[in-house]
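Working notes, beginning with the structure itself.
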Amino acid sequence: ETGVTQTPRHLVMGMTNKKSLKCEQHLGHNAMYWYKQSAKKPLELMFVYNFKEQTENNSVPSRFSPECPNSSHLFLHLHTLQPEDSALYLCASSQVQGAYNEQFFGPGTRLTVL
Amino acid sequence: AQSVTQLDSQVPVFEEAPVELRCNYSSSVSVYLFWYVQYPNQGLQLLLKYLSGSTLVKGINGFEAEFNKSQTSFHLRKPSVHISDTAEYFCAVSGLYGGSQGNLIFGKGTKLSVKP
């Protein structure tokens, strides 16, 4: 595997389910990001981890819970979601968190909440 | 805080025609500027970036962009497009200073549709 991978690629869940999204980067980076991409809206930054420490929580509802066990893996735990949470969730990584560092994106997980 | 405006949500063009995708930003601090491309069912890929120096930036796949500080713009251009350029293009800005340094602020995207 190369670059940034995300699993699953598609997920359908009910509002009472608990599920997790997984992201893995094979680039030796130290910063990882979760974004939400909804139709007709700009990409929204959700969380940032830099050297495994959470540095950004962009006012995300508590039904989204991130976890970064090491610099290569990032999870997004989902619990009692709402239909408006349906979106494409993108993971990205960069060498470190910083304005000049290129972010590399995974293909995303398409989430549908019924 | 920074914001990005992409003035066109959709741009249809014929193959081999030139194209310009417009991007304007607002920021109270100096910024870095980026263009990303997203092909169907894929993540975002960096096309080009402006960090400093020459205001004309060349990227991959024959794209270029010009940073205009006085007009706070960073328009993306290609002199001759191909069918394979059909994708969604995102302009993004990152502030150099202050809180949330390094975080990308994206525009809503422009869908480029190249017709034969």
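Worth saying up front: this structure is predicted, and the values here are computed from it rather than measured. A, B, ... follow the sequence lines: proteins, then strands. Residue 1 opens every chain. As a basis for the values below, the full set of heavy atoms in this structure was taken, side chains included, without hydrogen atoms, waters or symmetry mates.
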Next item on the list: Check whether more than 12 heavy atoms from other residues, nucleotides or ligands sit under 6.0 Å from atom NZ of Lys111(B), and answer yes or no.
Entry: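 Result for NZ/Lys111(B): open.
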Side chains of [X] and [Y]: closer than 4.5 Å at any heavy-atom pair?
{"X": "Phe106(B)", "Y": "Glu44(A)", "result": "no"}
{"X": "Leu104(B)", "Y": "Tyr35(A)", "result": "yes"}
{"X": "Gln37(A)", "Y": "Phe90(B)", "result": "yes"}
{"X": "Ile105(B)", "Y": "Leu43(A)", "result": "no"}

Item checked: From CD (Gln42(B)) to CZ (Phe105(A)), nearest 0.5 Å ->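 Going from the CD atom of Gln42(B) to the CZ atom of Phe105(A) covers 13.5 Å.
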Notebook entry, point to check: How far does CG of Leu51(B) sit from CD of Glu102(A), to the nearest 0.5 angstrom?
Noted result: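 Those atoms lie 10.0 Å apart.
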Are [X] and [Y] connected in the hydrophobic side-chain network, where two residues link if heavy atoms are under 4.5 Å apart?
{"X": "Met46(A)", "Y": "Leu44(B)", "value": "no"}
{"X": "Val31(B)", "Y": "Phe74(B)", "value": "yes"}
{"X": "Tyr89(B)", "Y": "Val4(B)", "value": "yes"}
{"X": "Leu76(A)", "Y": "Val60(A)", "value": "yes"}
{"X": "Ile83(B)", "Y": "Val81(B)", "value": "yes"}

Note to self: Could you check whether any side-chain N or O of Arg9(A) sits under 3.5 Å from a backbone N or O of Asn41(B), counting only pairs where one atom can act as donor and the other as acceptor?
What the structure shows: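 Confirmed, Arg9(A) side chain pairs with Asn41(B) backbone.
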Next item on the list: Could you look at Gln38(B) and say if it's the side chain, the backbone, both or neither that has a heavy atom under 4.5 Å from chain A?
Entry: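 Contact with chain A is through the side chain of Gln38(B) alone.
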Checklist line | Engaged part of Tyr39(B) at the chain A interface, taking heavy atoms whose separation is under 4.5 Å | finding: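 Interface part for Tyr39(B): neither.
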